[in-house]
Structures are given as C-alpha cells and as structure tokens.
Amino acid sequence: MEEHVDSAKPAGLKDLLKNHNFRFVWLGQIVSDFGDSLTMLALLILVNQVTGSAAAIATMMIMLAVPQVTVGLVAGVYVDRLDRKLIMIISDLLRGSLVLGFVGVALLGSADYLWLMYVIAFLQATIGTLFNPARSALLPNIIPETTLLSANSISQTSRVLFGLLGTAMAGVLIGVTGDVWIPFIIDSLTFFSSALFIWRIKAPAHIPDREAKGDIKTIFSQLGAGMKLITNSRILTGLLVAMGVTMLGLGAVNVLLVPLIINDMHLPPTWFGLVEFSQTAGMILSGSLVAIVAARIKPGNIIGVTLSLLGVAIGAIAFVNGMIELGVILFVAGLVLVPMQASIATLLQTSVDNKMLGRVGAAVNSIVSVASLVSMGLAGVLAQEVGVRNVFLMGGGLALLAGLSSVVMLRAPKLQEPRVADGGLNPLTPANS
C-alpha cells in the first residue's frame, strides 16, 4: 500500500520520501542535476580547448539560453495537452542520446565541428523546456498541497548541492584524466536513470485533453489563455512583476561579480571558491529550515520578505572592501534564495488550475529569462557609465522595490479570485486564502 505524508502540516524530507511517487521524482531530479552540471563545465572547457575564443563560449551560452525565451512558451502548451509523465520520460531519453554527440566532437577535437556542438546544445536545451514545466505541474498531483513548499524547497536545495557536486566532479575528472568526453558519458547515463525513476511513478500525473485540436491556431489560442490568466489574476501579475523586476537587477549582478572582485577589489581568482561556498552554504542551510517557516508564514509573504532582504544584500555589495564582508553578504543572499524560489513555485502550483499550469509556468519562466538577458546585456554599458559598485546599488534597489511591492500584490485576497480553465471560468480558492 502507498504511504502518504500527513497532509495536515508541512513535511520534511523524511516524510516526503515516504511518498513513492515523490521519491522517484526527486531521485530523477538529483541524478539529472548532477549530470547537467557535469556537462555544463565540460562543454565550456571543450569549446575553449577547440577554439580558445571567449566569443565562442559566449555563443554557446546563448544557444543554451535562447530556447527558454522562444520555444519555452509553446512548450508549456504541450505540457498541458499531453501526458506529463510521458513528456518527462521522452525528454530524458532524447537528451541522454543527444549529449552523446558531444563525445564524438570531444574525441575529434576540431573547431570544424563547433557548429555541431551549437546545434546539439540548442536541441538539448529546447527539449529541456518541456521537462521542467512538466515536473512542476506534476507535483500537485502526487503530494498534498500543504507539503508543496517543503517539496519545492527540497528540490531547490538538491539542485544547488548536486549541481555543485557535479561541477566539482567534472573538474576532477578532466583534470586527472585529461579527457573532456568522460563527463558527457556520465551525463547521458544520468538522463537514462532519470527516465527509469520517472517510469516508476504509479499515480497518473495528468489526464490530457485528447479531443483538442493540434493545429497552430489552437496552440496559440491556448497559449493566449495562459497569458490571459496571468493578466486577470492579481496574485500572478504581482508574482510576474516581482520576478521580472528582480531579474533586471540580478542579471547585472551575475555579470559584474567577476570584475568587482578582480578589477575593483584587486583580488586573485582563487577567491571565487569562497564566493561559491558562501552562497551555497546559505542556500543549503535555508533549505533545511523551510519546512519550519512553511508552518508559520504563507508563500506570498515569504516572497515579499526574501526579495526585500535580497535587495538589501545586493545593495550592500556596493560598499564591501574585503572578501570576508562579501562572503557574509553572499551567505545572507543564499539564505533567502531557496525559500524565495520554493515559494514562487508553490504559489504558481496552488494558484493555477492544474490543466493550465504547464503553459503559465512556462510563460513566467520565459518572461523572467528575457528580463535576465536584458539585464546582462545592459550590465557592461551601465558599469562603464556609472561604475560597477553603483550597478550593484541599482540592482539591490530594484530587488528591494520588487519585494516591497509584492507584499501588497501577493497578499491573500478576501474574496475568491476567478481562474481561467480549459472549460471556462471557475471560482477557485487562491493560494493564500
């Protein structure tokens, strides 16, 4: 008989792992995250080896980012139309096969096949736009709503931890053996393992609408319904605005942290290990505490508080003079990132009809990705005009503004809010009511 967690209170990892379905979803995620981080580092090293060009590396990063802001929107529609469990399995099998293409390029070791690396990376990232929305939309079907925040927190913490382990493993493997192709083999195996774990899920994740037409007009009509839901919901609009404004600030921060440490603070690159460790330690620690917070604070309020604290932390970077100060600030930033990300995912899952969760989640991810890309594109220009430290101050101000506005926008309404579903308008209880 299937064991279920107690739906009356938020659950920890031990309780959630008693749920057969969540256990296999989580196992599939951690092996996949480990493999993804292996491939990411190995891919950048491979591009550098065969070209020695920073522009080629930047192009590879663009190839990995573009699918989310383009085909990601339409991918969400198919997540709602098709069997989500099947989507995840096929996505894993296809990506596991594609990543083996990098092995051939690595063994050839020629810049003549750089174009092939770009094509494989683009295809792999495109298929990946189906997997994440499907996984997010699957969770509400297999665990009680009261455990979603804990489950999302565990997923975020695992992503950080196993991503770090995968990056470290890739560095060790390549450094010891001198072969770049080995991490790609391991990543392929993790995709196939993830597919096997997902196949073991017994509960149906989604009942697709097999009668709906599949022509282009219908697809874009369903996509429009998802966008309409976002604009008609104060909670979803507030969430989108908060995330978009925050990423306008955070994108620049991600780009300028390197020049701040090396050019402004005049510190050697070896200090980047402390930077990574500080933020990662904060994220892992906060991930273990979210279950306690979930019992006392609603997801909407968590988002407002964590965004505000994140804004203060980012702004404080403008005034640092030493690495210890920067490490403490990034530790604080790491503390708020996991509960913020977990609360955002939970708010989406509990505010949206499950029939539309795929397209709404994909739309939010795409819009936020656009904001991040715009911010990263402007980072260099702004730094040159006003200085690196002032950009951190501006980024922190944007995140703080997003946090303060979300306190109002994401507050639970007294009345039920209408929510668009495939069958029409239905009065459904908002996430925080």
message: Tell me if the centroids of the rings in Phe34 and Phe162 come within less than 6.0 Å of each other.
response: no
field: Under 3.5 Å: donor-acceptor pair, side chain of Ser286, backbone of Met283
entry: yes
Check against side-chain contact (heavy atoms from CB on, under 4.5 Å), Ile182 and Val103: CA-CA 8 Å; Ile182 296 177; Val103 176; over 6 Å; no
- prompt: Does the side chain of Ser155 come under 3.5 Å of the side chain of Trp26 through a donor N or O and an acceptor N or O?
  reply: no
query: Has Arg389 got its NZ or CZ under 6.0 Å from the middle of the six-membered ring of Phe319, at an angle within 45 degrees of the ring axis?
result: no
task: Would you confirm whether Thr39, through its side chain, and Asp36, through its main-chain N or O, come within 3.5 Å as a donor-acceptor pair?
output: no
- prompt: In Å and rounded to the nearest 0.5 Å, what is the CG to CZ distance from Leu138 to Phe22?
  reply: 11.0 Å
- request: Sequence neighbours left out, what pairs pass salt bridge (charged side-chain N to carboxylate O under 4.0 Å, His left out) with at least one residue falling in residues 125-143?
  value: none
message: If you count every heavy atom of other residues, nucleotides or ligands that lies below 6.0 Å from Met40 atom CE, does the total exceed 12?
response: no
Which donor-acceptor pairs under 3.5 Å do side chains of residues 321-334 form with protein atoms, sequence neighbours excluded?
{"unit_1": "Glu325", "atom_1": "OE1", "unit_2": "Asn321", "atom_2": "N", "d": "3.3"}

message: For Phe191, give me all partners under ring-ring contact (aromatic ring centres under 6.0 Å, His included), at least two apart in sequence or on another chain.
response: none
query: Is a side-chain donor or acceptor of Ser97 paired with a backbone partner of Leu93 at a separation under 3.5 angstrom?
result: yes
query: Is a side-chain donor or acceptor of Tyr118 paired with a backbone partner of Ala56 at a separation under 3.5 angstrom?
result: yes
message: Using a 3.5 Å distance criterion without hydrogens, assess whether the side chain of Thr147 forms a donor-acceptor pair with backbone atoms of Pro144.
response: yes
Any donor-acceptor pair under 3.5 Å from Asn152 side chain to Leu148 backbone: yes
query: Can any side-chain N or O of Asn21 pair as donor or acceptor with the backbone N or O of Ile143 at less than 3.5 Å?
result: no
message: Would the distance check show the side chain of Ser136 and the main-chain N or O of Asn132 forming a donor-acceptor pair, the cut-off being under 3.5 Å?
response: no
- prompt: Would you say Asn390's side chain and Val386's backbone share a donor-acceptor pair under 3.5 angstrom?
  reply: yes
message: Is it the case that over 12 heavy atoms from other parts of the model lie below 6.0 angstrom from the OH atom of Tyr113?
response: no
- prompt: Where the side chain of Ser32 meets the backbone of Gln29, is there a donor-acceptor pair that is under 3.5 Å apart?
  reply: no
